[in-house]
Novice: 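Just dropping this structure here.
Counting from 1, the numbers follow the sequence of the chain as shown. When a ligand or atom number is given, it counts from 1 through the structure's own listing order. As the structure is a prediction and not an experimental result, all values here were calculated from the model.
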Amino acid sequence: MPTIQDTPTASPVGRDTPRVDGPRKVSGLAQYTSDFHFPGTLYAVPVEATIASGRVVKLDTAAAEKMPGVRAIFHRENIGKIFRSTAGPGFAGICEERRPPFEDNVVRYYGQYIALAVADTFEAAKAAADAVRATYAKDKPNVETHLEADSDPDAVITTFGVRPRLDSQRGNADAAFASAPVKLDQTYVTPTETHNPLELHATTAIWDGEMLTLYESSQGVVNLRSVLAQMFGLPNENVRVISRFVGSGFGSKLWPWTHCPLAAAAAQKLGKPVKLVLSRKMMFQSVGHRPRTQQRVRLGATPDGKLVSLQHDYIYQRSMLDAHHEDCGEATPFQYSVPNLRVTFGRAKRNIGATADMRGPGRVTGLYATESAMNELADQLKIDPVRLRVINEPKIDESLGVPFSSRHLLECFELGAEKFGWSKRTPDVGSMKRDGLTLGWGMAGCSWVAARFVSEASVQLRDDGTARVASATQDIGTGMYTVLAQLASQKTGLPLDKIEVALGDTSLPEGPLSGGSMATESVVPAVFAAADSAIASLLTVAATTPGSPFENRPPKDLIFEGGKVWVKADGAAQGVPFGDLLRRANLRLVSGSGRSESTFGNPKPKFSTHSFGCHFVEVTWQPEIARLRVSRVVSVMDAGRIINPLAGRNQIEGSVVMGIGMALFEHTSYDPQNGAPINSNLADYVMTVNADTPPIEVHFLDYPDKEINEVGARGIGEIGLAGFAAAITAAVHHATGVRVRELPVKIENLLA
Ligand code: MOS
């Protein structure tokens with residue numbers, strides 16, 4: 001099987017490429033949102049509700065207003081008009097928390113903003129916010145963790161604006177389950193998890209007349225512009241959003257949150273730039289989280305391991321205000337071959353902040369449940385878990401009735417098993433030992449959707465021999481600056497240091513969201529088309545400029561390669577650098593633009609397009625001291641052509657680190673009394689640290705997927721987290737004999 005390691009490449013695409021923005025980041029030159037300073041900037045600090053359900057009956061701001069340095073205390077009565085936004089075509093107008101801040105006096109979750117203090121300094125604003133006194137009419141908040149589906153769920157409007165396949169059915173799942181010789185019926189629970197990007201959410205809002213500029217830490221500047229324009233009743237062109245560097249988001253920065261219009265409204269009222277940076281505590285309250293899920297999985301199988309029925313019925317928690325759909329059943333209908341299937345969902349409203357996409361939304365929660373069930377079924381049948389998956393590998397996507405564009409999951413298993421040494425596994429619980437430790441080995445498969453969003457880009461070729469590539473997409477730490485440079489380099493033949501990349505700014509051609517792991521695959525055709533168009537202009541210039549060595553040649557006889565123009569018949573030796581041609585024509589630059597259309601949400605696709613992969617995990621267990629460690633991980637991904645394997649491995653490693661957290665540490669708990677997230681800080685919200693992180697071996701298969709784009713690249717930002725927790729819980733069972741079906745695994749679970 002071809003893997004990336006076997007196919008070193010001379011072309012920029014596919015080559016290990018250190019981040020082009022690395023030096024700027026490590027030297028501190030990279031400016032994140034809160035690093036921008038403007039003369040006269042005021043600082044805003046929101047006042048957080050300290051109840052999770054009820055109403056604000058009185059707000060006493062008198063003391064706060066009199067404090068030194070305080071410019072204003074804004075609230076419902078004086079903030080001015082903030083409209084709702086509606087989702088438009090494509091990805092316009094989307095936000096999770098539909099209610100604009102301060103719209104009414106109802107409090108629906110702890111930490112909801114009820115006022116905003118603005119002052120000359122952050123300290124003065126914080127002191128004033130603390131001095132605002134709210135009187136509430138309090139109701140008992142509902143933060144119940146056991147989930148029963150609401151009887152009358154609101155119409156499902158999903159964040160992505162297109163109705164994904166929500167329920168699925170084929171055959172007769174109930175009857176096939178009832179008559180199946182082997183049955184498994186288990187419920188799996190995943191907790192609320194909070195995104196914790198290093199960089200806090202932040203906004204700086206600046207008005208110039210009717211023009212609003214927002215510096216915002218965002219995974220989607222184009223959508224953010226649309227939402228803010230609607231909220232302030234402005235045309236899109238009056239709003240500019242800038243997000244040059246993002247200290248990650250994990251989904252929490254996909255859609256705008258309420259602090260952003262608050263900063264903008266305050267800046268408008270006060271006629272000064274206003275900066276608002278959330279506290280870490282606020283990050284747990286008001287900018288989304290992965291919702292708690294409860295998923296019942298029923299599998300029916302023959303004694304030799306063939307699935308005959310699969311039912312996946314899940315319920316997830318949501319807030320009173322959000323539009324999020326946690327699509328746990330997304331992969332269920334096609335991951336395995338099964339004639340009888342049913343996927344259903346329910347939702348349970350709670351007094352919590354809006355739920356949101358968090359790295360691998362839907363599949364990370366969903367595949368934890370279904371992959372866990374597969375592992376349990378394998379144990380029940382005494383079939384190796386890899387073998388069980390091989391037995392049930394589908395030939396086509398059985399839910400859509402179409403082939404996969406490229407699916408090499410069995411090769412992932414094969415390579416992963418070989419690299420991990422899986423054949424040495426002895427299946428009995430506690431049967432494997434090393435250096436006095438009990439070993440547990442587990443595995444799981446995974447998948448992630450591949451598709452393109454609408455994408456536009458521009459490419460300039462300039463008289464100094466450099467190029468510029470631009471698109472209003474973002475680099476959220478994933479390496480988009482580098483990807484755009486590599487793509488432009490591929491087309492122009494210029495080295496990376498001769499290519500300037502501009503992104504994170506709505507004044508550029510509209511680029512895709514940094515979401516759904518789809519940004520990279522989306523920009524490829526747009527950048528290539530833009531480069532082709534710039535090159536076509538260059539060839540016309542070469543053929544029409546008086547005195548040009550190519551004057552009066554038909555442009556079709558000319559070649560552009562390696563940064564030079566030459567005549568096909570003459571060969572590269574006669575090439576002229578494009579900068580020379582532009583200077584001779586007295587042109588600073590030629591430019592081209594490119595656009596590619598969306599393939600996301602296509603209801604009748606010719607192919608089912610996904611990435612696939614698997615994880616093999618080793619844990620060590622020392623019952624004497626109750627110590628569980630993850631000691632080894634091998635992950636294999638089939639994600640098409642990897643544009644930058646260096647950054648790609650980094651994505652999978654990051655997912656594995658996050659997956660260890662999901663399996664063993666992370667959960668956000670709400671206080672049943674006041675509805676507050678209890679562990680709303682980085683000391684109490686436990687995440688994987690370096691000491692918890694074992695050696696991680698990442699391998700990529702190398703099957704370019706030309707259905708997605710001409711390079712064959714699919715996304716890799718999220719797939720590494722999918723399935724991972726199921727591999728860990730299987731390893732934990734193999735070591736300890738304890739089957740944990742509610743994440744995270746706690747040591748006390750293992751001491752029974
Ligand atoms: Mo990802 S949850 O689409 O940022």
Novice: With atoms numbered from 1 as shown, which atoms in ligand 1 lie under 4.0 angstrom from a non-hydrogen atom of R359?
Specialist: 2 (S)
Novice: We want to know whether E216 and T203 form a side-chain donor-acceptor pair, criterion being a heavy-atom distance below 3.5 angstrom.
Specialist: yes
Novice: Hey, does Q219 come in under 3.5 Å of ligand 1, counting only N/O atoms on both sides?
Specialist: yes
Novice: Record the part of S517 in heavy-atom contact with ligand 1 below 4.0 Å; permitted values are side chain, backbone, both and neither.
Specialist: neither
Novice: Identify, with sequence neighbours excluded, every residue that meets side chain to side chain donor-acceptor pair (under 3.5 Å) alongside N602.
Specialist: none
Novice: For ligand 1, which atoms sit closer than 4.0 Å to a heavy atom of F250?
Specialist: 2 (S), 4 (O)
Novice: Verify whether one side chain among Q285 and S680 offers a donor that lies under 3.5 Å from an acceptor in the other.
Specialist: no
Novice: Passes ring pair (Phe, Tyr, Trp, His ring centres under 6.0 Å), F404 versus F612? Steps please.
Specialist: CA-CA 11 Å; F404 293 101; F612 296 91; 5.6 Å; yes
Novice: Mark up the atoms of ligand 1 that fall under 4.0 Å of a heavy atom belonging to G251, in ascending order.
Specialist: 2 (S), 4 (O)
Novice: Taking only non-hydrogen atoms of E718, do any sit less than 4.0 angstrom from ligand 1?
Specialist: yes
Novice: Please indicate whether any nitrogen or oxygen in L254 is less than 3.5 Å from any nitrogen or oxygen in ligand 1.
Specialist: no
Novice: Specify whether F453 and F600 have parallel, tilted or perpendicular ring planes, treating 30° as the upper limit for parallel and 60° as the lower limit for perpendicular.
Specialist: perpendicular
Novice: Which is closest to atom 3 (O) of ligand 1 by heavy-atom distance: P197, G516, G249, A519?
Specialist: G516
Novice: Can you sort out which atoms of ligand 1 are near G515, meaning under 4.0 Å from one of its heavy atoms?
Specialist: 3 (O)
Novice: Who are the salt bridge (Lys or Arg N to Asp or Glu O under 4.0 Å) partners of R292, not counting sequence neighbours?
Specialist: E742
Novice: Before accepting this row, confirm whether a basic side-chain N of the pair D505/R240 lies closer than 4.0 Å to the acidic partner's carboxylate O.
Specialist: yes
